[in-house]
Visitor: 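My structure is below; once you've seen it, I'll send some questions.
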Amino acid sequence: MMQVYNSLSRSKEPFTPLTPDAVRLYTCGPTVYNFAHIGNFRAYTFEDLLRRALLFNGYRVMQVMNLTDVDDKTIRGARQAGVPLKTFTAPFIQAFFEDLATLNIQRAEVYPAATDHLPEMLELIGKLMERGLAYRSDDGSVYFSVSAWPAYGKLAHLDRSALRAGARVSHDEYEKESYGDFALWKGWDEQDGEVAWDSPWGRGRPGWHIECSAMAMRYLGETFDLHTGGIDNLFPHHENEIAQAEGATGKPFVACWMHCAHLRVNGEKMSKSLGNFFTLRDLLSRGWTGREIRYVLLNGHYRQPLNFTFEALDAARVSLARVDECVDALAAAAGGSAPSDALPDWAAAARTAFTEAVNDDLNLPEALAALFALVRESNTAMRDAALAPQSAAAVLSLFDRMDMVLGVIRFGRADRDGEMPPEVAERVRARAEARAARDWHAADRLRDELASLGWEVRDAKEGQKVKRNGAMTRSTAVTAS
RNA sequence: GGUGCGAUGGCCGAGUGGUUAGGCAGAGGUCUGCAAAACCUCGUACAGCGGUUCAAUUCCGCUUCGCACCUCCA
């Protein structure tokens, strides 16, 4: 049984799907006006983790992630580039999917774009108008009336006086009736240029929050299981989504809301507005891999702020090499045997610890501790030659089972079995002869030469083991770049 | 001002009213021709001050510091 933290109740709750067919999950997606930074990807990695944990528990999943392709920033970007909106957003959408693949983030079932769902939004706004929860202002905009919806604030736990009291100086560009009201529909403005649709309330474009409510209900129904996003979306975005959806349907919108904390750099939030962010592409160009970045993102609990450092990436690289060594050794020990039915006791214990950690509100640090317990025990058993091939195969399958959630064991490993170039093969052969002749000076010299060619050689009982010197070495890339 | 969250050993980062988190880095050791890998051992970690308790890093209060949200933000 999974337990997850519900932002609505502010407590951990047992997770039970509303319907047996599939867990319905809505995950707030990117605004496609730029390359996403790794702070953004912390959220998407968290959502991927949630998805994988659900699958790990045997649930089927119906996940929707929106693409916000119309808002102030996309419109501004398109204007500055002098191209139509879709032309501007298309490459960022493509880049987003490439980045997801780089991080081994599983694809959602549906990626609806806001601009493809105007009818759903207009219908939703219409219902809110009918119910007296929205009003049209003189400038052709439509606003949600917070004062007409008493439940407003139940997610953020804000009351209306708080809404007004502290707020920053408001930039009242629109004619709202009261301060907390938010736009469902924005009347056409000169800045919008060609970006406009017809509506019963005049030409304009959707407000900031309506797309998620409309598209979530379009694909997941009026009430569904899980809705996630970064903590900064909790208010106002998610609060407004609830108001829009529940205001229109009179039914509960989402059973459980989950939010992940921010990624920090030097103790501060990594964000576009602060300009202190790295895109995934920045890190790749510095020599890090998506696999290593994924590991770093997995190594903290999603509800805790995570301080991003290059040292953490360094540690990730070495830690993953440790896992790789173990998996390779297990594969060799298994020798293609069919896995035995029973796991060794220590592996069964690791499996239990791993499962309990994942199901305890996605406690990945604990889950990784279980992974490393499995690594250590596997290495010990192999050192003592106490692991039968069938047992090694069974343990190996446990690694794969864990990898359903982690997505970091098999994924993105450097190719270490590539063809050995002639100059490498020649030195390996020469070194074997030198060792046989106990000519250690020659053997050491050849090992150094191989290292400079990018190949690592290790002497084992069975003879020399040669591997390409890829991701397994300690990083020098950071300091060099 | 309002609302939350946090402060753990050199770094990252879990957790717990009394028993090893884990990874990385460091020290020592075993194995090895040497090295690597692997395994073993080690470091008097829980911001400060009070309180509750047989016992607190863990509960309560206060203080200090930090972060976030309060209509751009994952």
Side-chain angles (χ1 to χ4, degrees), chain A residues 7 10 27-31 36-47 71-73 153 156-159 161-168 170-171 179-183 208-209 228-237 239-240 259-264 267-274 295-296 299-301 303-309 311-323 325-326 329 353 357 360 363-373 375-376 378-380 382-384 435 438-441 443-444 447-448 451 456-461 465 467 472 474:
Chain A
S7 299
R10 295 190 175 175
T27 49
C28 276
T31 301
H37 59 67
I38 58 165
N40 300 125
F41 283 112
R42 183 186 196 192
Y44 306 131
T45 302
F46 148 64
E47 287 154 357
D71 80 320
D72 290 350
K73 285 175 285 200
H157 298 86
L158 293 173
D159 60 30
S161 57
L163 265 185
R164 201 176 316 171
R168 305 166 187 162
S170 90
H171 303 284
Y179 183 70
D181 293 353
F182 56 93
W208 297 306
H209 311 290
T228 68
I231 188 70
D232 52 342
N233 276 161
L234 191 143
F235 189 86
H237 183 55
E239 189 70 57
N240 292 355
H259 296 93
C260 80
H262 284 125
L263 198 64
R264 292 183 185 171
E268 278 188 317
K269 181 171 81 160
M270 179 182 290
S271 74
K272 287 172 182 170
S273 54
L274 290 174
Y295 182 91
V296 169
N299 199 204
H301 187 95
R303 281 193 286 118
Q304 262 346 97
L306 180 63
N307 203 17
F308 176 81
T309 63
E311 289 79 3
L313 281 169
D314 241 333
R317 177 165 293 184
V318 181
S319 302
L320 285 166
R322 178 170 160 76
V323 176
E325 291 287 345
C326 181
D360 181 17
N363 190 335
L364 262 286
E366 286 282 4
L368 288 171
L371 172 73
F372 282 101
V375 167
R376 188 183 340 100
S378 297
N379 285 332
T380 299
M382 287 187 284
R383 179 199 61 189
D384 298 342
R435 293 192 73 226
R438 306 184 69 80
D439 181 354
W440 307 126
H441 285 297
D444 290 350
R447 182 167 56 202
D448 289 344
E456 183 186 17
V457 59
R458 290 181 191 164
D459 299 321
K461 284 199 175 70
K465 288 185 177 176
K467 289 177 176 177
M472 63 191 294
R474 290 284 297 289

Visitor: Give one of base, sugar-phosphate or nothing for A/Leu364, where a contact means two heavy atoms less than 4.0 Å apart.
Guide: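 The residue A/Leu364 makes no contact with any strand.
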Visitor: Counting any heavy atom closer than 4.0 Å, what does A/Arg376 reach on the DNA or RNA strands: base, sugar-phosphate only, or nothing?
Guide: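 The answer is sugar-phosphate, as A/Arg376 gets under 4.0 Å only of primed atoms, P, OP1 or OP2.
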Visitor: Side chain of A/Glu311: nearest nucleotide among B/rA74, B/rC11, B/rC39?
Guide: B/rC11
Visitor: Do A/Asp72 and A/Trp208 come close enough that some side-chain heavy atom pair is under 4.5 Å?
Guide: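 A/Asp72 vs A/Trp208: side chains touch.
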Visitor: Within the structure provided, determine whether A/Leu234 and A/Ser7 are in side-chain contact (heavy-atom separation under 4.5 Å).
Guide: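 They are in side-chain contact.
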Visitor: Taking the C1' atom in each of B/rC46 and B/rU41, what is the distance between them to the nearest angstrom?
Guide: 23 Å
Visitor: What's the NZ-P distance between A/Lys269 and B/rA74, to the nearest Å?
Guide: 9 Å
Visitor: Which nucleotide wins on minimum distance to the side chain of A/Phe235, given the candidates B/rC70, B/rG33, B/rG22?
Guide: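 From the listed options, B/rC70 comes nearest.
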Visitor: Taking a pair as Watson-Crick or G-U wobble with both distances under 3.5 Å, which nucleotide is matched to B/rA25?
Guide: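 No nucleotide pairs with B/rA25.
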Visitor: Say we look at B/rA36 and B/rC59: how far apart would their C1' atoms be, to the nearest angstrom?
Guide: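 Roughly 49 Å separates the two C1' atoms.
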Visitor: Check whether any side-chain heavy atom of A/Ser319 lies under 4.5 Å from a side-chain heavy atom of A/Tyr295, and answer yes or no.
Guide: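 A/Ser319 vs A/Tyr295: side chains touch.
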Visitor: Measure CD/A/Glu325 against P/B/rC24 and give the value in whole Å, please.
Guide: 12 Å
Visitor: Determine the contact category for A/His209: base if any of its heavy atoms lies under 4.0 Å from a base atom, sugar-phosphate if only primed atoms, P, OP1 or OP2 are that close, otherwise nothing.
Guide: nothing
Visitor: Any idea which of B/rG23, B/rA74, B/rC24 is nearest the A/Tyr295 side chain?
Guide: B/rG23
Visitor: Could you identify the nucleotide paired to B/rA55, looking across every strand shown and requiring Watson-Crick or G-U wobble geometry with both distances under 3.5 Å?
Guide: none
Visitor: With sugar-phosphate meaning primed atoms plus P, OP1 and OP2, does A/His301 contact a base, only sugar-phosphate, or nothing at under 4.0 Å between heavy atoms?
Guide: sugar-phosphate
Visitor: Determine whether A/Lys467 and A/Glu325 make a side-chain contact, defined as any pair of heavy atoms from C-beta on separated by less than 4.5 Å.
Guide: yes
Visitor: B/rG22 and B/rC40: how far apart are their P atoms, nearest whole angstrom?
Guide: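 Looking at atom P only, B/rG22 and B/rC40 are 11 Å apart.
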Visitor: Any base atoms under 4.0 Å from A/Glu47, or only sugar-phosphate, or nothing? Heavy atoms, all strands.
Guide: nothing
Visitor: So A/Arg438, base contact, sugar-phosphate only, or nothing? Heavy-atom distance under 4.0 Å.
Guide: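 Nothing, no nucleic acid heavy atom in range.
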Visitor: Distance check needed: B/rG15 P versus A/Leu368 CG, whole Å only.
Guide: 13 Å
Visitor: Kindly indicate whether the side chain of A/Asp459 and the base of B/rC34 share any N or O donor-acceptor pair separated by less than 3.5 Å?
Guide: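 Yes, the side chain and the base share a sub-3.5 Å donor-acceptor pair.
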Visitor: Consider the side chain of A/Pro365, meaning its heavy atoms from C-beta on, and name the nucleotide among B/rC70, B/rA21, B/rC39 that approaches it most closely.
Guide: B/rA21
Visitor: Could you check which nucleotide pairs with B/rA38 in any of the strands shown, counting Watson-Crick or G-U wobble with both distances under 3.5 Å?
Guide: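 Check on B/rA38: paired to B/rU30, both distances under 3.5 Å.
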Visitor: Just checking A/Gly39: base, sugar-phosphate only, or nothing, at a heavy-atom cut-off of under 4.0 Å?
Guide: base
Visitor: If you check the A/Leu306 side chain, which of B/rA74, B/rC39, B/rG13 turns out closest?
Guide: B/rG13
Visitor: Under 4.0 Å, counting only non-hydrogen atoms across every strand here, what does A/Asn307 touch: a base, just sugar-phosphate, or nothing?
Guide: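 Result for A/Asn307 = sugar-phosphate.
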Visitor: Using atom P in both nucleotides, what's the gap between B/rC11 and B/rA47 to the nearest angstrom?
Guide: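 Going atom to atom, P in each nucleotide, I get 14 Å.
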Visitor: Do A/Arg447 and A/Asp459 have side chains that approach each other closer than 4.5 Å (heavy atoms only, starting at C-beta)?
Guide: yes
Visitor: Please report the distance separating the C1' of B/rU57 from the corresponding atom of B/rA21, rounded so that it comes out in whole Å.
Guide: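 It comes out at 14 Å once rounded to the nearest Å.
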Visitor: Toward the 5' end of RNA chain B, which comes first, A/Thr309 or A/Ala315, by nearest nucleotide?
Guide: A/Thr309
Visitor: Looking only at the side chain of A/Arg458 (C-beta and beyond, no hydrogens), which of the listed nucleotides B/rG23, B/rG4, B/rA36 gets closest?
Guide: B/rA36
Visitor: For A/Asn379, answer base if it contacts any base atom (sugar-phosphate contacts may also be present), sugar-phosphate if it contacts only those atoms, and nothing otherwise; contact means non-hydrogen atoms under 4.0 Å.
Guide: sugar-phosphate
Visitor: Answer yes or no: does a side-chain N or O of A/Arg322 lie under 4.0 Å from OP1 or OP2 of B/rA38?
Guide: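 Checking A/Arg322 against B/rA38: at least one side-chain N or O falls below 4.0 Å of OP1 or OP2.
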Visitor: Considering only B/rG22, B/rC24, B/rC39, which nucleotide approaches the side chain of A/Ser319 most closely?
Guide: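 My answer, after comparing the listed nucleotides, is B/rC24.
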Visitor: What is the distance, rounded to the nearest whole Å, between atom CG of A/Asp439 and atom P of B/rA35?
Guide: 18 Å
Visitor: Are A/Met270 and A/Arg42 close enough that some pair of their side-chain heavy atoms sits under 4.5 Å apart?
Guide: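 Counting from C-beta outward, A/Met270 and A/Arg42 never come under 4.5 Å.
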Visitor: Both distances below 3.5 Å, Watson-Crick or wobble geometry, any strand: find the nucleotide opposite B/rU20.
Guide: none
Visitor: Figure out the CZ/P separation between A/Arg264 and B/rC67, and round it to whole Å.
Guide: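 From A/Arg264 CZ to B/rC67 P: 8 Å.
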Visitor: Rounded to whole angstrom, note down the C1' distance from B/rA35 over to B/rG66.
Guide: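 B/rA35 and B/rG66 have their C1' atoms separated by 46 Å.
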Visitor: Nearest whole Å is fine: how far is B/rU32 C1' from A/Arg435 CZ?
Guide: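 Those two atoms, CZ and C1', are 9 Å apart.
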Visitor: Please report, rounded to the nearest Å, how far the P atom of B/rA74 is from the CG atom of A/Leu263.
Guide: 13 Å
Visitor: Would you indicate what A/Asp384 reaches in the nucleic acid, counting non-hydrogen atoms under 4.0 angstrom: base, sugar-phosphate, or nothing?
Guide: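 Nothing, no nucleic acid heavy atom in range.
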Visitor: Test your reading of the model: is there a side-chain donor-acceptor pair from A/Asn363 to the backbone of A/Glu366, 3.5 Å cut-off?
Guide: yes
Visitor: Work out how far the C1' atom of B/rG13 is from that of B/rA38, and round it to whole angstrom.
Guide: 25 Å
Visitor: Tell which nucleotide pairs with B/rC49, taking only Watson-Crick or G-U wobble pairs whose two distances are both under 3.5 angstrom.
Guide: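 Paired with B/rC49, as far as the under-3.5 Å criterion goes, is B/rG61.
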Visitor: Nearest to the side chain of A/Phe372, which nucleotide is it out of B/rC39, B/rA74, B/rG23?
Guide: B/rG23
Visitor: My understanding is that a pair needs two contacts under 3.5 Å, Watson-Crick or G-U wobble. By that rule, which nucleotide pairs with B/rG66?
Guide: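 Pairing partner, where one exists within any strand: B/rC5.
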Visitor: Could you measure between the two P atoms, the one in B/rC60 and the one in B/rG17, and give it in whole Å?
Guide: 12 Å
Visitor: Can you find a side chain N or O atom of A/Asn363 that sits less than 4.0 Å from OP1 or OP2 on B/rG15?
Guide: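 For B/rG15, OP1/OP2 do have a side-chain N/O of A/Asn363 under 4.0 Å.
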Visitor: Measure from the side-chain heavy atoms of A/Glu456 and tell me the nearest of B/rA36, B/rA37, B/rG33.
Guide: B/rA36
Visitor: A/Arg303 CZ to B/rG15 P: how many Å, rounded?
Guide: 8 Å
